[in-house]
Colleague: 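Next up is a structure, given as structure tokens.
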Amino acid sequence: MAQENTNATEGYQMKTGWGTIAMLISATGMGLVPLFSRWATRTDMFDGTMGLNAGDSIGALMACGRMGMGVLFFVILMVATHKVKTFKELKLTPAIALGGLMIGMSLACYVTSTLLTTVANAVLFIYTGPVICVLAARIFRKEPMSGLQWICLLVVFIGMLFGNNLMGFGDNGFFVDFNLVPSTPEFPQKGVGDAFGLLSGLFYGLSMFFNGYRKDADTTARGVWNFIFAVLGAGVITVVLNSLGANPGMENWALNIHFTAFNWIGALLLWVICGPVALGFLLVAGRNLPAADYGTIAYWEVPVAIFVGLVVFGEALTVNTILGGILIIGGGAIPSIKGMLSERKAKQQQEIAENLTARIAEQEDIEGL
């Protein structure tokens, strides 16, 4: 059994082993978003220049469907596990509502970003989120941060800059350039996509932060509330884009949908695998891991998404993208590996202590005879 960390304020013992597994499953599901979002919306799944079978910002509407499937899944789970009473008794707090609202807004922005910019940019921008989460937890919840964790977060942030070609190595040597390319032949709205990526990172970090509260709440009951508010969050982004458009003249794009059967299959996979499966396990992880571990393990999504971009869509990796990926994965993995090793050592010490106590008690019994 995994060693359990105690949340003293809530009286709940976090199962870190189960939390780590849940976070890896969630991050893998999240990493598949670019695959299914482009499958669901592109005229030609593998050629972005052919355009979309919908408006340019259909991603937000896809996120609504994804969150709606999450509501359906958790309601079914709640009924099947006889937790309707638990749901009714669970007090809805601002933290639960905001956690759902923020993840809905984040994923609406993220899916939109995967359609308007490269997979690498979209996924590396959203991963400003865990940095925001850990810093917010440090400031507002006073969660402790070791020197190693600070260093790893800095390494991850630098990796994001490399991955998005904001710094790195070019023909003239090392450079730092925060001027993002606003348009490319394959992604004419790349600048808009990058902006949505940054917004998705902000909302993602805030969602992770709010999910760190109310760890006493039952996962299923909380999941229902989270997904209800996630639908509302994605809906807010949908309404804004439907009213304003991603660009002038793009108003009312949500009415311009002409999906093929192939598109609908991709949409269904997006809604199920990247919805209730990925986000359900995200809630489990948020309940069972400290913010630092929760945030760093989440970076597993990065290599999954970059693999999709490279192998499925043929998006070439530059030296800077590779270096960025190495820094992000390394910075995210080191604290987790260290934590698991420490947990194993503590478990071994506990077993030794228990065995020693048992032997002493046995010896006392013998001497008492």
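Sequential numbering from 1 along the given sequence is applied to the chain's residues. Here the structure is a predicted model, which is why all the values come from computation and not from measurement.
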Colleague: Is the number of heavy atoms from other residues, nucleotides or ligands within 6.0 Å of CZ (Phe307) greater than 12?
Modeller: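 Counting other residues, nucleotides and ligands, CZ of Phe307 stays at 12 neighbours or fewer.
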Colleague: Is there a donor-acceptor pair closer than 3.5 Å between any side-chain N or O of Ser26 and the backbone N or O of Ala278?
Modeller: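 Looks like yes, one N/O pair under 3.5 Å.
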Colleague: Could you check whether any side-chain N or O of Ser106 sits under 3.5 Å from a backbone N or O of Ile103, counting only pairs where one atom can act as donor and the other as acceptor?
Modeller: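 Looks like no, no N/O pair under 3.5 Å.
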Colleague: Taking the six-membered ring for Trp, are Phe74 and Trp225 ring centroids under 6.0 Å apart?
Modeller: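 That pair fails the under 6.0 Å test.
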Colleague: Tell me, with the steps shown, if Thr81 and Thr86 meet side-chain contact (heavy atoms from CB on, under 4.5 Å).
Modeller: CA-CA 10 Å; Thr81 56; Thr86 303; over 6 Å; no
Colleague: Is Arg222 salt-bridged to Asp218, cutoff N-O under 4.0 Å?
Modeller: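 Result for this pair is no, no salt bridge flagged.
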Colleague: Taking the side chain as every heavy atom from C-beta outward, state whether Phe262 and Trp39 have any pair of such atoms under 4.5 Å apart.
Modeller: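 Yes - at least one pair of side-chain heavy atoms lies under 4.5 Å apart.
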Colleague: Does NE2 belonging to His82 count more than 12 external heavy atoms closer than 6.0 Å?
Modeller: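 Counting other residues, nucleotides and ligands, NE2 of His82 stays at 12 neighbours or fewer.
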Colleague: Return yes if some donor-acceptor pair links the side-chain N/O of Ser207 with the main-chain N/O of Phe203 below 3.5 Å, else return no.
Modeller: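 Looks like no, no N/O pair under 3.5 Å.
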Colleague: Provide the closest heavy-atom pair for Gly19 versus Asn288 in the form atom of the first, atom of the second, distance.
Modeller: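 It is CA-CB, 3.8 Å.
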Colleague: How far apart are the C-alpha atoms of Val123 and Glu301, what are their side-chain angles, what is the distance that settles it, and do they pass the side-chain contact (heavy atoms from CB on, under 4.5 Å) test?
Modeller: CA-CA 8 Å; Val123 72; Glu301 177 183 345; 3.9 Å; yes
Colleague: Does Ile58 belong to the same Ile/Leu/Val/Met/Phe/Trp/Tyr cluster as Phe187, with side-chain heavy atoms less than 4.5 Å apart forming each link?
Modeller: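 No, no single cluster joins them.
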Colleague: Heavy-atom count around Phe157 CZ within 6.0 Å, excluding the residue itself: above 12?
Modeller: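 Check fails, neighbour count at 12 or below.
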Colleague: Step by step, work out the side-chain contact (heavy atoms from CB on, under 4.5 Å) result for Met30 and Leu107.
Modeller: CA-CA 10 Å; Met30 296 280 285; Leu107 295 176; 3.6 Å; yes
Colleague: Does NZ or CZ of Arg42 fall inside the cone over Phe313's six-membered ring, less than 6.0 Å from its centre and within 45° of the axis?
Modeller: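 Checked: cation-pi criterion met.
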Colleague: Taking all atoms of both residues into account, what is the closest heavy-atom pair of Met50 and Thr43, and its distance?
Modeller: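 Looking at all heavy atoms of both residues, the shortest contact is O-OG1, 3.6 Å.
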Colleague: Just verifying a value: how many Å separate Leu24 CG and Phe281 CZ, rounded to the nearest 0.5 Å?
Modeller: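 Going from the CG atom of Leu24 to the CZ atom of Phe281 covers 11.0 Å.
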Colleague: What heavy-atom pair brings Cys64 and Thr238 nearest, and what distance separates the two atoms?
Modeller: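 The pair with the smallest heavy-atom distance is SG-OG1, 3.3 Å.
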Colleague: Within the side chain of Asn263, is there an N or O that forms a donor-acceptor pair under 3.5 Å with the backbone of Ala40?
Modeller: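 Yes; judged by distance alone, with no hydrogens or angles, the pair exists.
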Colleague: Test side-chain hydrogen bond (donor to acceptor under 3.5 Å, both in side chains) on Thr318 and Asn320 and set out the steps.
Modeller: CA-CA 5 Å; Thr318 65; Asn320 293 328; 5.0 Å; no
Colleague: Do Ile322 and Met167 land in one hydrophobic cluster if side-chain heavy atoms of ILVMFWY residues count as linked below 4.5 Å?
Modeller: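 They do share one cluster, since a chain of ILVMFWY contacts under 4.5 Å joins Ile322 to Met167.
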Colleague: Rounded at 0.5 Å granularity, tell me how far CD1 in Ile126 sits from CG in Leu199.
Modeller: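 Reported value, rounded in 0.5 Å steps: 11.0 Å.
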Colleague: Side chains of Leu32 and Val308: does their closest heavy-atom pair fall under 4.5 Å?
Modeller: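 Contact flag for Leu32/Val308 side chains = yes.
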Colleague: Indicate the atoms forming the closest heavy-atom contact of Gly48 with Glu186, along with that distance.
Modeller: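 Gly48 and Glu186 have their closest heavy atoms at N-OE2, 3.9 Å.
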Colleague: Below 30° counts as parallel, above 60° as perpendicular, anything between as tilted: where do the rings of Phe169 and Phe162 land?
Modeller: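 Tilted: the ring planes of Phe169 and Phe162 meet at 30° to 60°.
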Colleague: Can you tell me how far CG of Leu166 sits from CG of Asp194, rounded to the nearest 0.5 angstrom?
Modeller: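 The CG atom of Leu166 is 8.5 Å from CG of Asp194, to the nearest 0.5 Å.
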Colleague: Can you give me the closest heavy-atom contact between Gly99 and Asn211, atom names plus distance?
Modeller: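 Nearest pair, atom of Gly99 first, then Asn211: CA-OD1, 3.9 Å.
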Colleague: As an exercise, state the distance from CG of Leu153 to CD1 of Ile132, rounded to the nearest 0.5 Å.
Modeller: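 Separation between the atoms: 11.5 Å.
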Colleague: Got a donor-acceptor contact below 3.5 angstrom from the Thr117 side chain to the Ser113 backbone?
Modeller: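 Here the side-chain-to-backbone pair does not exist.
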Colleague: Of all heavy-atom pairs between Thr114 and Pro34, which one has the smallest distance, and what is that distance?
Modeller: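 For Thr114 versus Pro34, the nearest heavy atoms are CG2-CG, 4.0 Å.
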Colleague: Does some side-chain heavy atom of Trp271 sit less than 4.5 Å from a side-chain heavy atom of Met62?
Modeller: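 Sidechains of Trp271 and Met62: in contact.
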Colleague: Under a single-linkage definition using a 4.5 Å side-chain heavy-atom cutoff for Ile, Leu, Val, Met, Phe, Trp and Tyr, are Met69 and Val79 assigned to the same hydrophobic cluster?
Modeller: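 Yes, Met69 and Val79 fall within the same hydrophobic cluster.
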Colleague: Any donor-acceptor pair under 3.5 Å linking the side chain of Thr112 with the backbone of Ala60?
Modeller: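 Flag set: sc Thr112 to bb Ala60 pair under 3.5 Å.
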Colleague: Could you tell me if the side chain of Leu135 sits less than 4.5 Å from the side chain of Trp150, heavy atoms only?
Modeller: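 A side-chain contact under 4.5 Å exists here.
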Colleague: Taking NZ, NE, NH1 and NH2 as the nitrogens, is one of them in Glu315 or Arg38 under 4.0 Å from a carboxylate oxygen of the other?
Modeller: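 Judged by the 4.0 Å cut-off on N to carboxylate O distance, Glu315 and Arg38 do form a salt bridge.
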Colleague: Count I, L, V, M, F, W, Y as connected when their side-chain heavy atoms are under 4.5 Å apart, and connections chain through other members. Are Val75 and Leu92 then in the same cluster?
Modeller: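 Yes, because Val75 and Leu92 connect within a single hydrophobic cluster, where side-chain heavy atoms sit under 4.5 Å apart.
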Colleague: Between Thr41 (side chain only) and Ser37 (backbone N and O only), is there a donor and an acceptor less than 3.5 Å apart?
Modeller: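 A pair under 3.5 Å: yes.
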Colleague: From Leu268 CG over to Ile273 CD1, what is the distance, rounded to the nearest 0.5 angstrom?
Modeller: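 One finds 9.0 Å between CG of Leu268 and CD1 of Ile273.
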Colleague: For Trp300 and Met23, indicate whether the former's side chain and the latter's backbone hold a donor-acceptor pair under 3.5 Å.
Modeller: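 Flag not set: sc Trp300 to bb Met23 has no pair under 3.5 Å.
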Colleague: Determine whether Val119 and Ile306 satisfy the following criterion, side-chain contact (heavy atoms from CB on, under 4.5 Å), listing intermediate values before the conclusion.
Modeller: CA-CA 7 Å; Val119 171; Ile306 289 179; 5.6 Å; no
Colleague: May I ask you to decide if Cys274's main-chain N or O and Arg66's side chain share a donor-acceptor pair within less than 3.5 Å?
Modeller: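 Indeed, once roles are kept as given, a pair shorter than 3.5 Å links the two residues.
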Colleague: Regarding Arg141 and the six-membered ring of Tyr213, is the cationic atom NZ or CZ under 6.0 Å from the ring centre and inside 45° of its axis?
Modeller: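 Pair Arg141/Tyr213 counts as cation-pi.
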Colleague: Which value, rounded to the nearest 0.5 Å, describes the distance between Ile265 atom CD1 and Leu270 atom CG?
Modeller: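 Spacing of CD1 (Ile265) from CG (Leu270) equals 13.5 Å.
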Colleague: Can you hop from Val239 to Met67 via hydrophobic side chains spaced under 4.5 Å?
Modeller: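 No.
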